[in-house]
Amino acid sequence: MEHTLYIYNTLTRKKEQFIPIHEPHVGLYVCGPTVYGDPHLGHARPAITFDILFRYLKHLGYKVRYVRNITDVGHLENDADEGEDKIAKKARLDQLEPMEVVQYYLNRYRKAMEALKVLSPSIEPHASGHIMEQIEFTQKILDAGYAYESEGSVYFDVEKYNRDYQYGKLSGRNIDEMLETTRDLDGQSEKRRSIDFALWKKASPEHIMRWKSPWSQGFPGWHMECSAMGTKYLGEQFDIHGGGMDLMFPHHECEIAQSCAALGKDSVKYWMHNNMITINGQKMGKSLGNFITLEEFFTGNHVLLTKAFSPMTIRFFILQAHYRSTVDFSSEALEASEKGLERLMEGYARLQKLQASATSSVNISEVRKKCEDAMADDLNTPMVISALFDALRSVNLIHDGKETISQADLSELQSVFKLYIEDLLGLQSDSASANGTEAYQKAVDLLLNIRLEAKKNKDWATSDKIRNELTAMGFEIKDTKDGFEWKL
RNA sequence: GGUACUUUGGCCGAGUGGUUAGGCACCGGUCUGCAAAACCGUCUACGGCGGUUCGAAUCCGCCAAGUACCUCCA
């Protein structure tokens with residue numbers, strides 16, 4: 001692998017050189033959605049962030065197995081161990097089978113991801129499809145002595161674990177402080193300590209999502225699915241585990257504890273966390289009720305939105321910020337992204353039609369390197385975009401005849417733009433697909449050529465009639481120096 | 001209260017010791033029958049105070065404001 005990738009490891013709080021455990025194979029696990037509600041802007045961030053990583057790793061030549069789970073059981077409301085199951089609650093409210101809820105929202109999630117040009121992961125395992133694995137994993141932790149059974153449920157013994165390992169190393173917490181600050185909750189009497197977490201929960205009589213286990217009819221704890229499925233598909237040790245920063249504690253911390261307790265070692269080499277999307281400086285989240293669903297973005301149907309925004313605009317907006325920074329949403333910022341993206345994509349289209357000259361008056365030798373360096377430096381997509389905009393200026397100057405480019409340079413520039421815009425950033429023009437078939441395009445061209453003739457004859461009435469009527473139909477007509485451009 | 005982090009020009013947002021980030025907006029210009037669009041150019045900021053240094057947005061200290069996590073959340 002010629003280019004050295006550096007990624008920020010949350011575990012060490014440093015950028016580290018990426019060295020796969022079993023080159024050329026790379027195992028990547030990312031926490032996916034709990035499918036009990038419509039996907040919102042917050043879901044788009046990790047999906048796009050790790051989509052970029054997935055694409056880039058493959059570009060570097062690695063064989064990547066990308067696992068993104070679907071949480072469809074075990075994720076409880078209010079309290080990790082005491083609330084109602086999110087899926088089950090939604091099912092009860094809507095009078096549906098839990099798996100109907102899962103299917104419905106999973107379909108909507110997939111559809112939104114497809115619109116955002118997020119590639120499908122290699123495997124999308126469901127928690128409910130891996131109950132056996134979770135029971136086995138829980139048994140291993142029991143056998144190792146780091147868990148205890150209590151009234152049909154199994155809890156992780158954090159304090160005992162902490163004597164042999166270090167609980168809290170990912171999120172930078174220590175157990176004593178947590179014991180002081182964790183408030184007491186009702187119904188925790190079956191747990192020895194408030195910080196212990198559930199590996200297996202006995203189902204109450206009315207709980208409909210339940211499976212047989214050695215301890216009780218019940219269901220797995222939320223943190224268990226990732227440990228069990230990560231191990232199953234990526235092995236006892238794998239390269240990268242990603243997810244939102246809000247999952248760092250307790251979810252990922254508990255995963256580490258479960259893996260260390262069961263396997264005697266941490267499963268994950270690099271932990272990566274994307275930051276949150278904020279709205280007016282506050283985290284956009286389900287619990288705060290200030291989230292905007294992706295569908296609302298695509299339709300513009302939300303009070304905070306001045307208009308609809310295309311999936312590509314959302315994707316570009318997210319990529320314009322580094323994944324470890326918070327990014328503050330506003331309609332204004334999105335509009336800025338929309339215009340920037342349009343300019344970039346038009347320039348990209350223009351680049352395809354550029355004529356080569358004998359020599360180059362522009363220097364494009366640094367463009368590829370700048371993009372490569374930026375990507376390799378912890379996926380610095382804003383820097384990549386910045387380098388592309390720099391190169392775009394040259395493209396436009398060549399287009400205007402103010403600069404020239406040789407065939408070799410032109411091919412290189414086209415290659416770099418394709419690689420970064422299409423293959424790695426996953427951007428595509430919104431209008432490209434909307435512009436219809438070839439025959440249709442020729443028909444529009446024909447009309448505009450008639451208009452061009454009229455213009456030459458100074459027949460402004462005909463010229464304006466064609467322009468105005470096409471504009472009224474939704475076409476955008478641009479007069480250029482010696483012709484025209486149009487789009488829908 | 002604990003822990004982690006943030007503070008960059010009108011807005012968004014990169015950047016970790018010396019060099020123009022970039023985008024959007026504004027303004028100026030080019031092009032144009034008109035208009036629109038497009039293109040080019042300009043705009044040089046880094047919360048406050050102090051320190052280290054030849055030199056700091058970038059390192060250190062203090063202060064201020066804000067955010068996240070500590071209960072479910074991507």
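Reminder, nothing fancy here: chain letters follow the sequence lines and each chain counts from 1. Both backbone and side-chain heavy atoms feed into the values below; hydrogens, waters and symmetry mates do not. Being a predicted model, the structure only gives us computed values, none of them experimental.
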[X] side-chain proximity, nearest of [options]:
| X | options | result |
| --- | --- | --- |
| A:R393 | B:rG22, B:rG33, B:rC12 | B:rG22 |
| A:S386 | B:rA21, B:rA74, B:rC72 | B:rA21 |
| A:F389 | B:rA21, B:rA74, B:rG22 | B:rG22 |
| A:P382 | B:rA14, B:rA38, B:rC40 | B:rA14 |
| A:K283 | B:rA14, B:rA68, B:rG22 | B:rA68 |
| A:K339 | B:rC40, B:rA74, B:rC24 | B:rC24 |
| A:P250 | B:rA74, B:rA68, B:rC72 | B:rC72 |

Do the rings of [X] and [Y] sit parallel, tilted or perpendicular, given the 30° and 60° boundaries?
| X | Y | result |
| --- | --- | --- |
| A:H241 | A:W271 | parallel |
| A:H251 | A:W222 | parallel |
| A:Y233 | A:H130 | perpendicular |
| A:F329 | A:F297 | perpendicular |

Does a side chain donor of either [X] or [Y] reach within less than 3.5 Å of an acceptor in the other side chain?
| X | Y | value |
| --- | --- | --- |
| A:N449 | A:E453 | no |
| A:T71 | A:E225 | yes |
| A:Y66 | A:D51 | no |
| A:T278 | A:T326 | no |

Quiz prompt | Residue pairs, two or more places apart or on separate chains, that pass salt bridge (charged side-chain N to carboxylate O under 4.0 Å, His left out) and touch residues 29-50 of chain A | solution = A:D38-A:R108

Give the rounded distance in Å between these two atoms: [atom1] of [X] and [atom2] of [N].
| X | N | atom1 | atom2 | answer |
| --- | --- | --- | --- | --- |
| A:K191 | B:rU71 | NZ | C1' | 10 Å |
| A:D328 | B:rU7 | CG | P | 13 Å |
| A:H251 | B:rA74 | NE2 | C1' | 11 Å |
| A:N9 | B:rA4 | CG | C1' | 16 Å |
| A:M383 | B:rC12 | CE | P | 21 Å |
| A:N174 | B:rG1 | CG | P | 18 Å |
| A:R13 | B:rA4 | CZ | C1' | 6 Å |
| A:R173 | B:rA68 | CZ | C1' | 10 Å |

[N] to [M] separation - [atom1] atoms, rounded to the nearest Å:
| N | M | atom1 | answer |
| --- | --- | --- | --- |
| B:rC27 | B:rA64 | P | 41 Å |
| B:rG15 | B:rA21 | P | 13 Å |
| B:rC60 | B:rC5 | P | 12 Å |
| B:rC12 | B:rC70 | C1' | 31 Å |
| B:rA14 | B:rU19 | C1' | 16 Å |
| B:rG10 | B:rA45 | P | 10 Å |
| B:rG61 | B:rA25 | C1' | 39 Å |
| B:rC26 | B:rC62 | C1' | 39 Å |

Exercise. Using heavy atoms to find the nearest nucleotide of RNA chain B for A:G243 and A:T278 separately, return the residue whose nucleotide is more 5′.
Key: A:T278

Quiz item: So which one's nearest nucleotide on RNA chain B is more toward 5', A:S463 or A:G281?
Solution: A:S463

Self-check item: Secondary-structure notation, RNA chain B, from Watson-Crick and G-U pairs under 3.5 angstrom (| other strand)
Solution: (((((((..(((.....[...)))..((((.......)))).....(((((..]....))))))))))))....

Exercise. Salt-bridge test for A:E469 and A:K465: reply yes if a basic N is under 4.0 Å from a carboxylate O, no otherwise.
Key: yes

Contact class for [X] (heavy atom, under 4.0 Å): base, sugar-phosphate, or nothing?
| X | value |
| --- | --- |
| A:K458 | nothing |
| A:G244 | sugar-phosphate |
| A:D464 | base |
| A:V30 | nothing |
| A:L344 | nothing |
| A:R68 | nothing |
| A:R467 | base |

Can a side chain N or O of [X] be found less than 4.0 Å away from OP1 or OP2 on [N]?
| X | N | answer |
| --- | --- | --- |
| A:R451 | B:rG33 | no |
| A:K89 | B:rC72 | no |
| A:N396 | B:rA38 | no |

Quiz item: Does the ring of A:W460 lie flat against the base of B:rG33, closer than 5.5 Å centre to centre with planes under 30°?
Solution: yes

Quiz item: So with a 6.0 Å cut-off around CD of A:Q355, is the heavy-atom count from everything else above 12?
Solution: no

Exercise. Kindly confirm or rule out a cation-pi arrangement of A:R324 over A:Y8, judged by NZ or CZ under 6.0 Å from the six-membered ring centre and within 45° of its axis?
Key: yes

Quiz item: Does any N or O in the side chain of A:E253 come within less than 3.5 Å of the main-chain N or O of A:S171, such that one atom is a donor and the other an acceptor?
Solution: yes

Quiz prompt | Sorted by number, the residues of residues 318-325 of chain A with heavy-atom contact under 4.0 Å to RNA chain B | solution = A:Q320, A:A321, A:H322, A:S325

